[in-house]
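What you see is a predicted model; the values in this text were computed from it and never measured.
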Amino acid sequence: MNKRELYDSFADMGSETKKMLDKIETIKTEMMRVIEKNAELEIENQHLREHLKELETQKQNDGQGLSKSRQNLEMLYEEGFHVCNVDNMYGTRRINDEPCVFCQDVIYGERR
């Protein structure tokens with residue numbers, strides 16, 4: 001191998017090495033982007049799981065009984081007070097503790 005061929009071989013290896021380094025850098029950049037995206041998705045996935053657990057817990061609580069505010073209204077009603085606002089009766093004593101359908105609707109009616 002003469003000096004010219006040797007020099008050309010080194011020049012070719014240098015250019016191939018540069019191309020390989022450029023390709024490695026491109027792959028490295030793409031891999032970093034994928035890793036960052038994966039981390040973002042893992043965090044979002046964890047937040048969605050937590051939110052789903054909260055919704056399931058809330059759904060179970062709704063299905064099991066009354067909300068805390070309705071329980072408070074039920075307690076007032078059982079103590080003999082109106083909890084409905086028909087004719088401004090809220091907070092007034094029920095006569096002879098007779099049932100009031102309006103109060104019962106406020107306590108046990110359709111939940112929104």
Let me confirm one number: the [atom1]-[atom2] distance from [X] to [Y], rounded to the nearest 0.5 Å.
{"X": "Phe102", "Y": "Ile107", "atom1": "CZ", "atom2": "CD1", "value": "14.0 Å"}
{"X": "Glu25", "Y": "Thr29", "atom1": "CD", "atom2": "OG1", "value": "4.5 Å"}
{"X": "Glu40", "Y": "Glu42", "atom1": "CD", "atom2": "CD", "value": "11.0 Å"}
{"X": "Leu48", "Y": "Ile43", "atom1": "CG", "atom2": "CD1", "value": "12.0 Å"}
{"X": "Ser69", "Y": "Glu74", "atom1": "OG", "atom2": "CD", "value": "11.5 Å"}
{"X": "Leu55", "Y": "Lys53", "atom1": "CG", "atom2": "NZ", "value": "13.0 Å"}

Answer yes or no: are there more than 12 heavy-atom neighbours, outside Ile95 itself, under 6.0 Å from its atom CD1?
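12 or below, so no.
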
Dump the intermediate steps for salt bridge (Lys or Arg N to Asp or Glu O under 4.0 Å) on Glu16 and Lys19, then the final yes or no.
CA-CA 5 Å; Glu16 287 176 19; Lys19 287 178 187 176; over 6 Å; no

Side-chain polar contacts of residues 75-94 - donor-acceptor pairs under 3.5 angstrom, sequence neighbours left out - could you list them?
from  : atom 1 : to     : atom 2 : distance (Å)
Tyr77 : OH     : Arg94  : NH1    : 3.4
Tyr77 : OH     : Cys100 : N      : 3.0
Tyr77 : OH     : Gln104 : NE2    : 3.2
Thr92 : OG1    : Met89  : O      : 2.6
Arg93 : NH1    : Glu79  : O      : 2.7
Arg94 : NH1    : Asp97  : O      : 3.4
Arg94 : NH1    : Glu98  : O      : 2.9
Arg94 : NH2    : Tyr77  : O      : 2.5

Report yes if some heavy atom in the side chain of Glu30 is under 4.5 Å from a heavy atom in the side chain of Thr26; otherwise report no.
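Glu30 does not reach Thr26 side chain to side chain.
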
